[in-house]
Undergrad: 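Dropping a structure here in structure tokens format, bear with me for questions.
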Amino acid sequence: MAKLILGCGYVGLRVARHWLQKGEQVYAVTRRAERAAELQALGISPVLGDVTQRLNLPPMAKVDTVLYAIGFDRSTGHTIEEVYVDGFARALDALPADVGPVIYVSSTGVYGHGGGEWVDEDSPCQPQRTGGKAVLAAEQVLAGHALGAQAIVLRLAGIYGPGRVPRLPDVQQGKPLTAAADAFLNLIHVDDAAAAILAAEASAAPPVRYVVSDGCPVRRADFYGELARQLGVAPPEFVAPGDPTPRTQRDLSSKRIRNARMTADLLPSLQYPSYQEGLAHV
């Protein structure tokens, strides 16, 4: 039995390391030869492939779990739909019919609410941004595929952790933040995100979906104020966003994620239950 990861990056690599520690055979698809060498050095079996092209998976041990966590790399020149939707469909078609659960890392961007509403797995999806629309379309591709009965969809809140704290350089340098100070952020520390994936693999009954968040929505003013306090700098000023862009749409979004299903079924407790602990760790 083996594991297959498509998107062995910030979150996927943490999952891969856990599987390796358990003695599992782990395969990971990458489109770059230099990344393949890095993965191989870690004990991961690299598979050269690109979801934006025809994907041919080589013979491998029977795969009992697939993790799809590919992010969007603007430098490739492909659109987000080509990667998230068409690429996912291409990857699903390349998988053997007898694979175990297919864990898709989606996003809470599928909701798109802007009035501070509480949302959960059953809330209507009305994405406003391109990214949210793309991941929702990818979820629908999975649901309509022959492997849809094996689907575990995890809608992750904003991932943060070592090397990835939103707007940290701006806060360090005292730059004003173009965002709505009173709007809510929803977050999940990267280690808790990886733990949620592993817990879903172990105990979720597909087809199913979960929102993955620390359950501690925080207003942007409070989050960046705490970040400034821990950095020992002045709290940032906020300025109203100008013309609508993908960035300003994100900075104006405001919803509160309810993670009750996740805590009941997957993770009764988190390593970093709020942004204060998570930032202190970082």
Side-chain angles (χ1 to χ4, degrees), residues 9-11 71-75 77 79-81 83-84 106-119 123-136 155-190 192-193 211-259 272-282:
Y10 193 61
V11 178
F72 181 51
D73 181 356
R74 289 175 175 80
S75 69
T79 67
I80 197 167
E81 292 83 5
V83 177
Y84 280 8
S106 183
S107 165
T108 55
V110 297
Y111 298 110
H113 297 273
E117 305 95 333
W118 282 98
V119 298
S123 299
C125 294
Q126 299 171 328
Q128 304 299 311
R129 305 198 319 267
T130 303
K133 293 177 181 178
V135 292
L136 181 59
R155 294 173 175 170
L156 270 61
I159 304 169
Y160 75 105
R164 186 181 290 189
V165 175
R167 311 295 285 272
L168 186 145
D170 291 340
V171 175
Q172 282 180 316
Q173 298 166 24
K175 294 181 178 179
L177 302 183
T178 304
D182 289 338
F184 285 101
L185 285 172
N186 297 274
L187 301 162
I188 186 72
H189 189 283
V190 63
D192 286 324
V211 293
V212 177
S213 169
D214 62 17
C216 184
V218 55
R219 295 191 187 275
R220 283 178 168 83
D222 295 332
F223 175 81
Y224 292 115
E226 175 64 11
L227 175 59
R229 186 192 69 79
Q230 293 198 23
L231 290 170
V233 299
E237 296 180 358
F238 289 82
V239 296
D243 295 335
T245 66
R247 177 60 178 269
T248 58
Q249 286 180 327
R250 182 174 69 246
D251 290 339
L252 287 170
S253 66
S254 181
K255 56 184 173 285
R256 288 177 283 179
I257 301 297
R258 184 181 290 112
N259 68 353
Y272 304 100
S274 81
Y275 65 99
Q276 289 101 331
E277 295 92 346
L279 288 177
H281 167 253
V282 175

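Everything quoted here is computed from the prediction, not taken from an experiment. We count residues from 1, following the sequence as given.
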Undergrad: Sequence neighbours excluded, which residues qualify as salt bridge (Lys or Arg N to Asp or Glu O under 4.0 Å) partners of R229?
TA: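 Residues passing salt bridge (Lys or Arg N to Asp or Glu O under 4.0 Å) with R229: E226.
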
Undergrad: Between atom CG of L136 and atom OG of S106, what is the distance when rounded to the nearest 0.5 Å?
TA: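 If I round to the nearest 0.5 Å, the distance is 7.5 Å.
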
Undergrad: Are L185 and Y275 packed together at the side-chain level, in the sense that at least one heavy-atom pair is separated by less than 4.5 angstrom?
TA: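 They are not in side-chain contact.
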
Undergrad: Validate the cation-pi geometry between R164 and Y10: distance from NZ or CZ to the six-membered ring centre under 6.0 Å, angle to the ring axis within 45°.
TA: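 The answer is yes; both the distance and angle limits are met.
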
Undergrad: For a 4.5 angstrom cut-off between non-hydrogen side-chain atoms, does D192 reach D214?
TA: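 Side chain of D192 against side chain of D214, heavy atoms only: no contact under 4.5 Å found.
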
Undergrad: Which heavy atom of G161 sits nearest to which heavy atom of V190, and what is that distance?
TA: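 Heavy-atom minimum between the residues: CA-CG1, 4.2 Å.
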
Undergrad: So do the side chains of K255 and N186 get within less than 4.5 Å of each other, counting heavy atoms only?
TA: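 In short, these two side chains touch, coming nearer than 4.5 Å.
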
Undergrad: Where do R220 and A180 come nearest, in terms of heavy atoms and distance?
TA: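 That would be CD-O, 3.4 Å.
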
Undergrad: Do the side chains of Y111 and S253 get nearer than 4.5 Å, heavy atoms only?
TA: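 They are not in contact (no side-chain heavy atoms under 4.5 Å apart), so the answer is no.
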
Undergrad: Compare every heavy atom of C216 with every heavy atom of P273, then report the nearest pair and how far apart it is.
TA: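 Between these two residues, the closest heavy atoms are O-CB, 3.9 Å.
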
Undergrad: Taking it one step at a time, do T130 and E81 satisfy side chain to side chain contact (heavy atoms under 4.5 Å, CB included)?
TA: CA-CA 8 Å; T130 303; E81 292 83 5; 3.3 Å; yes

Undergrad: What are the two closest heavy atoms between G131 and I80, and how far apart are they?
TA: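 In this case the closest contact between G131 and I80 is CA-CD1, 3.7 Å.
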
Undergrad: Can you tell if the side chain of P166 reaches within under 4.5 Å of the side chain of Y224, non-hydrogen atoms only?
TA: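 In short, these two side chains touch, coming nearer than 4.5 Å.
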
Undergrad: Counting neighbours of CD on E237 that are heavy atoms of other residues, nucleotides or ligands and sit closer than 6.0 Å, is the number greater than 12?
TA: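 No, because the 6.0 Å sphere around CD of E237 holds 12 heavy atoms or fewer from other groups.
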
Undergrad: Using side-chain heavy atoms (C-beta onward) and a distance below 4.5 Å, is R155 in contact with C125?
TA: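 With C-beta onward as the side chain, the pair touches.
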
Undergrad: So do V119 and I257 actually touch side chain to side chain, heavy atoms under 4.5 Å?
TA: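 Heavy-atom side-chain distance check passes, below 4.5 Å.
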
Undergrad: Nearest 0.5 Å, what's the CG-OG1 distance between D170 and T178?
TA: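 Here the rounded value is 8.5 Å.
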
Undergrad: Any side-chain heavy atom of Y160 sitting closer than 4.5 Å to one from L168?
TA: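 Side-chain contact under 4.5 Å: no.
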
Undergrad: Using a 3.5 Å distance criterion without hydrogens, assess whether the side chain of S254 forms a donor-acceptor pair with backbone atoms of F184.
TA: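 Here the side-chain-to-backbone pair exists.
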
Undergrad: Take L279 and F223 through the side chain to side chain contact (heavy atoms under 4.5 Å, CB included) test and state the conclusion after the steps.
TA: CA-CA 9 Å; L279 288 177; F223 175 81; 3.9 Å; yes

Undergrad: Just jot down the side chain to side chain contact (heavy atoms under 4.5 Å, CB included) partners of D182, sequence neighbours excluded, or say none.
TA: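 Side chain to side chain contact (heavy atoms under 4.5 Å, CB included) list for D182, sorted by chain: R219.
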
Undergrad: I need the minimum non-hydrogen distance between G71 and V83, along with the two atoms involved.
TA: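 Of all heavy-atom pairs spanning G71 and V83, the closest is O-CG1, 4.1 Å.
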
Undergrad: Where is the tightest heavy-atom contact between P235 and A228, given as atom of each residue plus distance?
TA: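 Shortest heavy-atom contact: CA-CB, 3.7 Å.
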
Undergrad: Verify, without hydrogens or angle tests, whether Q276 (side chain) and S274 (backbone) share a donor-acceptor contact under 3.5 angstrom.
TA: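 A pair under 3.5 Å: no.
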
Undergrad: Could you label the plane-to-plane angle of the Y84 and F72 rings as parallel, tilted or perpendicular, counting under 30° as parallel and over 60° as perpendicular?
TA: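 Perpendicular: the ring planes of Y84 and F72 meet at over 60°.
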
